[in-house]
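Taking it in order: structure first as structure tokens, then the write-up.
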2 protein chains.
Amino acid sequence: MHTIKEIAEMANVSRSTVSRALNNSGYVSEEARKRIEEVVEKTGYVPSEHAKSLRTKKTKVIGVIVPTIHTETSGKIVAGIDKELAKHGYQILLAATNLDQQKELEYLDLLQVRQVDGIILLGTNTEPQLAEKLNTLPIPAVMIGQELEGVPSIVNDDEGAAMEITSYLISRGHTRIGFIGVDETDRAVGYMRKQGYLKAMEKHHLPVASEWMEEAVFDIDSGHDAMERMMQQGRQPSAVFAVTDRLAIGAKSFLKKAGFIVPADIAVAGIGASEIGQYSDPPLTTVDYQNEHAGAHAAKQILLQTNDTEQPCEKIMLNYRLISRDSV
Amino acid sequence: MHTIKEIAEMANVSRSTVSRALNNSGYVSEEARKRIEEVVEKTGYVPSEHAKSLRTKKTKVIGVIVPTIHTETSGKIVAGIDKELAKHGYQILLAATNLDQQKELEYLDLLQVRQVDGIILLGTNTEPQLAEKLNTLPIPAVMIGQELEGVPSIVNDDEGAAMEITSYLISRGHTRIGFIGVDETDRAVGYMRKQGYLKAMEKHHLPVASEWMEEAVFDIDSGHDAMERMMQQGRQPSAVFAVTDRLAIGAKSFLKKAGFIVPADIAVAGIGASEIGQYSDPPLTTVDYQNEHAGAHAAKQILLQTNDTEQPCEKIMLNYRLISRDSV
DNA sequence: CTGAAAGCGCTTACAG
DNA sequence: CTGAAAGCGCTTACAG
């Protein structure tokens, strides 16, 4: 690895001049520039980002904190972030919490230490501790998927989507509609989607039986088990809305095993527009949140903020669209 | 953000002593250490990684180059890498090529500039240019999924797996077996898996018709189209082996649309043990490569090499297992 | 148009 | 056990 000093010596100029030439800042004579370019070309010299960062306090790296990295949703969001960031020469420093909320806070520190220029967080909760930390961060942060006081965020219309999908089930003649949700500390997925379900039911004056409401965690098996519990009750629903596609897939897999036909016996719907839902049997009715867009938006936001620190704290709510397929 | 100088002043010691205390290197009296710890605690001081890196030439960051980040395979491998790395306080700097081979080379440079301690590459090809670059890299590199001269690598037994799955189809009574592959510049997926197929057919003295061999690219739609082409020929196969699950899913989706019953009319098998295959209809027979393990192995390898530069260039071939499900 | 010098925030021999 | 000093590789006023 060469250093700027070596390049300067080889080109017979000072380090200052090399720096100016490379950064296009300040005057450099044509001849000097040419000599420098030749040397750079010949040596393959690239300046050390660390030294640069130390001086300029900029790293062109954005920290991204995700709950899990091998799920489709995270994957698409990160892909969206990456594509947008790459356009501007930024890179992603990735941190996965594996759904451990404590780690969310730890990584916030860790990423700061690495002097990232900004942080994008795929939120799983809205704990006040997190909000506080995010608000006192010396660098810009953007939250995806959850709304948090004082933090710019890209959110989905979770309540609206849940209402729409529940209403869709109702419009297809269903009145006994089950619900598979998750813990409400996840405000977007746990609370808002449940609200949407409840509001739709209420609007149509339909009863909501407690034995039709199950709580699960974020995986397929958990959806399977929730469906199993629901069907063991006396009164069985004729349709079920699960707050994620993976939960819905799990529910369907239980129903299939237990001999129920989807959608003839029971209709199933989810949220997420995952491929696994698209190619499962029968294809899953769901809502598309356009996760790549969410990622791209977040990247744009963070880039805006790094360049102009006093950006207003924007909240963006993304569109969704219902995808009706054969599971309903 | 505080600096070591401020901490030193507040604790009434020199910067050297603060550094020694924080890194547990060299002697520090109990009293000094206590004072320093108190100040650090109070201020929430964390040393700048950039300054550290500039001195020590270590960053505790590993660059990971992937073809795409939103696919299940990449996701699982990266998850495996991340988990192992996190144990040792390392982080991932992510770069996605979106299947552009040129970018693979560019990112190799970019990551070096960022002074990562090592690079893990999910390989898609074995171009000599890539091998050469990897071999002259001043930092350790590990390749996953492809074998490359002189580069430590974690590979799957692609030929073995393809042979086994083809033999499995044969053992179920199939003799007319189609093949959906990808370009052979991807040596592992394109060439080795095709070899496995051909060898199994040859071993059982079965004919391989050219109209049973299709080439696709890495997505579901492409598998669909390849299957469509194959079925438009005069002689139709009774089974088809696609080199990835996604291709197999695409093939199945065409067959379904065209009115064929899987597996009664045509059996379908893939490789990858993806969830989408598991929950598709009927569930896909496939081979599990245990991608998380591959990632973890790669991380261990790279960690070994960063600490001990003269590690021998190891090649590891991972186990696979056949998962037989209803698509065959 | 150019270069000497200071400084970013650390670590590490070295002298005491 | 501790501190002064040099140095990692850059950038940026400043003086010329």
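Sequence lines set the chain letters: A, B, ... in the order given, protein chains first and strands last, and positions in each chain run from 1. All of these numbers come straight from a predicted model, not from anything done at the bench.
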**Message:** I need the residues from residues 4-23 of chain B with at least one non-hydrogen atom less than 4.0 Å from DNA chain C; give them sorted by number, or say none.
**Reply:** Ile4(B), Arg15(B), Ser16(B), Ser19(B), Arg20(B), Asn23(B)
**Message:** Among residues at least two apart in sequence or on other chains, which ones pass side chain to side chain donor-acceptor pair (under 3.5 Å) with Asn156(B)?
**Reply:** none
**Request:** Using a strict cut-off of less than 4.0 Å between a Lys/Arg side-chain nitrogen and an Asp/Glu carboxylate oxygen, indicate whether Lys34(B) and Glu37(B) qualify as a salt bridge.
**Result:** no
**Asked** For Arg114(A) and Gly89(B), which heavy atoms make the closest approach, and how far apart are they?
**Response** NH2-O, 3.8 Å
List the atom pairs, with distances to 0.1 Å, where a side-chain N or O of residues 116-123 of chain B and a protein N or O form a donor-acceptor pair under 3.5 Å, not counting sequence neighbours.
| from | atom 1 | to | atom 2 | distance (Å) |
| --- | --- | --- | --- | --- |
| Asp117(B) | OD1 | Thr59(B) | N | 2.9 |
| Asp117(B) | OD1 | Thr59(B) | OG1 | 3.1 |
| Asp117(B) | OD2 | Thr59(B) | N | 3.2 |
| Asp117(B) | OD2 | Lys60(B) | N | 2.7 |

**Tyr289(A) and Asp158(A): CA distance, side-chain angles, deciding distance, side chain to side chain donor-acceptor pair (under 3.5 Å) verdict** = CA-CA 9 Å; Tyr289(A) 272 165; Asp158(A) 289 291; 2.9 Å; yes
**Residues which pass side chain to side chain contact (heavy atoms under 4.5 Å, CB included) with His2(A), listed by chain and number, not counting sequence neighbours** = Glu6(A), Ile7(A), Thr43(A), Tyr45(A)
**Request:** Could you pull out all residues at least two apart from Asn291(B) that satisfy side chain to side chain donor-acceptor pair (under 3.5 Å)?
**Result:** none
Donor-acceptor pairs under 3.5 angstrom involving side-chain atoms of residues 131-143 of chain B: please list them, not counting sequence neighbours.
| from | atom 1 | to | atom 2 | distance (Å) |
| --- | --- | --- | --- | --- |
| Lys133(B) | NZ | Asp109(B) | OD1 | 3.1 |
| Lys133(B) | NZ | Asp109(B) | OD2 | 3.1 |
| Asn135(B) | ND2 | Ala131(B) | O | 3.0 |
| Asn135(B) | ND2 | Glu149(B) | O | 3.1 |
| Thr136(B) | OG1 | Glu132(B) | O | 3.3 |
| Thr136(B) | OG1 | Lys133(B) | O | 3.1 |

**Asked** Contacts to DNA chain C from residues 28-49 of chain A, heavy-atom cutoff under 4.0 Å, which residues?
**Response** Val28(A), Ser29(A), Ala32(A)
**Request:** Evaluate the side chain to side chain donor-acceptor pair (under 3.5 Å) criterion for residues Ser74(B) and Thr71(B): first the C-alpha distance (whole Å), next the side-chain angles of each, then the deciding distance (0.1 Å), finally the verdict.
**Result:** CA-CA 6 Å; Ser74(B) 299; Thr71(B) 56; 3.2 Å; yes
**Set of ring pair (Phe, Tyr, Trp, His ring centres under 6.0 Å) partners for His70(B), sequence neighbours left out** = none
Under 3.5 Å, which donor-acceptor pairs do the side chains of residues 25-33 of chain A form with other protein atoms, sequence neighbours left out?
| from | atom 1 | to | atom 2 | distance (Å) |
| --- | --- | --- | --- | --- |
| Ser29(A) | OG | Ala32(A) | N | 3.2 |
| Arg33(A) | NH1 | Asn24(A) | OD1 | 3.3 |

**Complete:** So ring-ring contact (aromatic ring centres under 6.0 Å, His included) across residues 5-26 of chain B, not counting sequence neighbours, yields none
**Item:** Boundaries of the DNA chain D segment in contact with chain B, non-hydrogen, under 4.0 Å
**Value:** dC1(D) to dG9(D)
**Request:** Would you please enumerate the stems DNA chain C participates in, each stem being three or more consecutive Watson-Crick or G-U wobble pairs with both distances under 3.5 Å?
**Result:** C:1-3 with D:14-16, C:5-12 with D:5-12, C:14-16 with D:1-3
